[in-house]
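A short write-up of the structure that comes next.
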Amino acid sequence: KRSSPAPYWTMQPPLKEIQKKADVRGFYLSRQLNLLIYQLSVFEELRMKYLFTTLRLMLGAVFFAFGWSKFIPFIPTPPVPPEASMFIGALVATGYLWSLIGVIEITAGALLLTNRLIPLALLLLAPIVTNIVLYLVLLAQTPMAYGMSVFLLTAGITLATQYWNRFAPIFEMRRGA
């Protein structure tokens, strides 16, 4: 039988871990203080894990719902300035672009909600989030639009930093072939 892991506040950290996290200006703090610092760092890791999970689920729910609303209009649209309505009208008038954006939003939202292929979902959403933020800031110009822009950018960038090791090779310069 496997026993359940001990609670984080009872864990005894390895000595090297203690020294890395608690060695201040060359002198060693007491064992109790070191243990407290270690426990706080474990708590911080748990807190960040929950932050990333919450942001992932919120972003996934937003795009899943708004993607479906492109096919089944169940989310009421607020009044927008004429320039903004002309832009949305042009997207709908193409006949395919509005539907394509909806399918991508549903797919990426479902991937985020099910915790599958998160880097791919973020990569699919990057141009859509960019376009949404520019539309909200430059055309819609309402306080709610600014709030949604801040949320989308913050959630997207925060989740991308968690998966930076997957995105880093995209930005590497290679010399020669």
Side-chain angles (χ1 to χ4, degrees), residues 8 21 40-177:
Y8 71 89
K21 293 187 178 191
L40 288 175
S41 68
V42 170
F43 177 72
E44 181 69 21
E45 290 170 16
L46 287 173
R47 193 172 67 110
M48 291 306 290
K49 177 183 172 188
Y50 289 124
L51 171 74
F52 288 128
T53 302
T54 304
L55 283 177
R56 178 182 55 80
L57 291 174
M58 287 173 63
L59 196 64
V62 164
F63 279 106
F64 192 75
F66 278 93
W68 275 112
S69 75
K70 289 179 177 43
F71 299 104
I72 307 166
F74 58 91
I75 298 174
T77 56
V80 292
E83 299 86 12
S85 61
M86 286 174 38
F87 177 74
I88 296 296
L91 288 176
V92 174
T94 62
Y96 75 94
L97 197 54
W98 191 248
S99 300
L100 178 65
I101 292 170
V103 168
I104 292 172
E105 286 179 357
I106 292 169
T107 304
L111 289 173
L112 288 171
L113 288 172
T114 58
N115 200 20
R116 304 276 186 244
L117 303 172
I118 303 299
L120 176 62
L122 294 173
L123 199 59
L124 288 172
L125 288 177
I128 294 174
V129 167
T130 303
N131 197 21
I132 290 171
V133 167
L134 290 174
Y135 165 80
L136 291 173
V137 170
L138 299 176
L139 296 176
Q141 298 179 347
T142 63
M144 190 169 85
Y146 295 135
M148 182 59 100
S149 299
V150 168
F151 166 72
L152 290 175
L153 283 175
T154 304
I157 291 170
T158 303
L159 288 173
T161 58
Q162 185 184 17
Y163 293 95
W164 181 249
N165 60 343
R166 305 276 177 92
F167 295 120
I170 296 172
F171 299 102
E172 288 180 2
M173 297 271 302
R174 294 193 182 178
R175 298 178 195 254

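- Annotation for Ala108 and Leu124: closest pair CB-CB, 4.4 Å, computed over non-hydrogen atoms.
- The CG atom of Leu111 sits 10.0 Å away from atom CG of Leu122, with the distance rounded to the nearest 0.5 Å.
- Atom CG in Leu123 sits 12.5 Å away from atom CZ in Arg166 (nearest 0.5 Å).
- The ring pair (Phe, Tyr, Trp, His ring centres under 6.0 Å) pairs that include a residue from residues 155-175 are Trp164-Phe171, where partners are two or more places apart or lie in different chains.
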### Message
Quick one, Ile132 with Glu105, criterion side chain to side chain contact (heavy atoms under 4.5 Å, CB included). Give me CA distance, side-chain angles, the key distance, then yes/no.
### Response
CA-CA 12 Å; Ile132 290 171; Glu105 286 179 357; 4.1 Å; yes

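- The CG atom of Leu136 lies 10.0 Å from the CG atom of Leu153; values are rounded to the nearest 0.5 Å.
- Judged by distance alone, the side chain of Thr161 and the main-chain N or O of Thr158 form a donor-acceptor pair under 3.5 Å.
- Across Gln162 and Asn165, no two heavy atoms sit closer than the pair O-OD1, 4.4 Å.
- When the ring pair (Phe, Tyr, Trp, His ring centres under 6.0 Å) test is applied to Phe52, no partner is found at least two apart in sequence or on another chain.
- Side chain of Thr53 to backbone of Tyr50: no donor-acceptor contact under 3.5 angstrom is found.
- Nearest heavy-atom pair across Gly67 and Phe71 is O-CD1, 3.6 Å.
- Of all heavy-atom pairs spanning Ala61 and Leu113, the tightest one is N-CD2, 3.7 Å.
- In this structure a side-chain-to-backbone donor-acceptor pair under 3.5 Å is present from Arg56 to Leu112.
- With rounding to the nearest 0.5 Å, the separation of CD in Glu83 from CG in Leu138 is 11.0 Å.
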### Message
Checking Asn115 against Leu57 for the side chain to side chain contact (heavy atoms under 4.5 Å, CB included) test, could you report, in this order, the C-alpha distance in whole Å, the side-chain angles of both residues, the deciding distance, and whether it holds?
### Response
CA-CA 9 Å; Asn115 200 20; Leu57 291 174; over 6 Å; no

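- Using a 4.5 Å cut-off on side-chain heavy atoms (C-beta onward), Ile75 and Trp68 make no contact.
- Legend: ring pair (Phe, Tyr, Trp, His ring centres under 6.0 Å) pairs involving residues 86-108, not counting sequence neighbours, sorted by first then second residue: Phe87-Tyr135.
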### Task
Would you sort out whether Phe66 and Ile101 count as a side chain to side chain contact (heavy atoms under 4.5 Å, CB included), showing the intermediate values?
CA-CA 10 Å; Phe66 278 93; Ile101 292 170; over 6 Å; no

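- Side-chain contact between Leu59 and Leu152 is present, with heavy atoms from C-beta onward closer than 4.5 Å.
- Of the inter-residue distances, the one linking Asn131 atom CG with Leu91 atom CG reads 7.0 Å to the nearest 0.5 angstrom.
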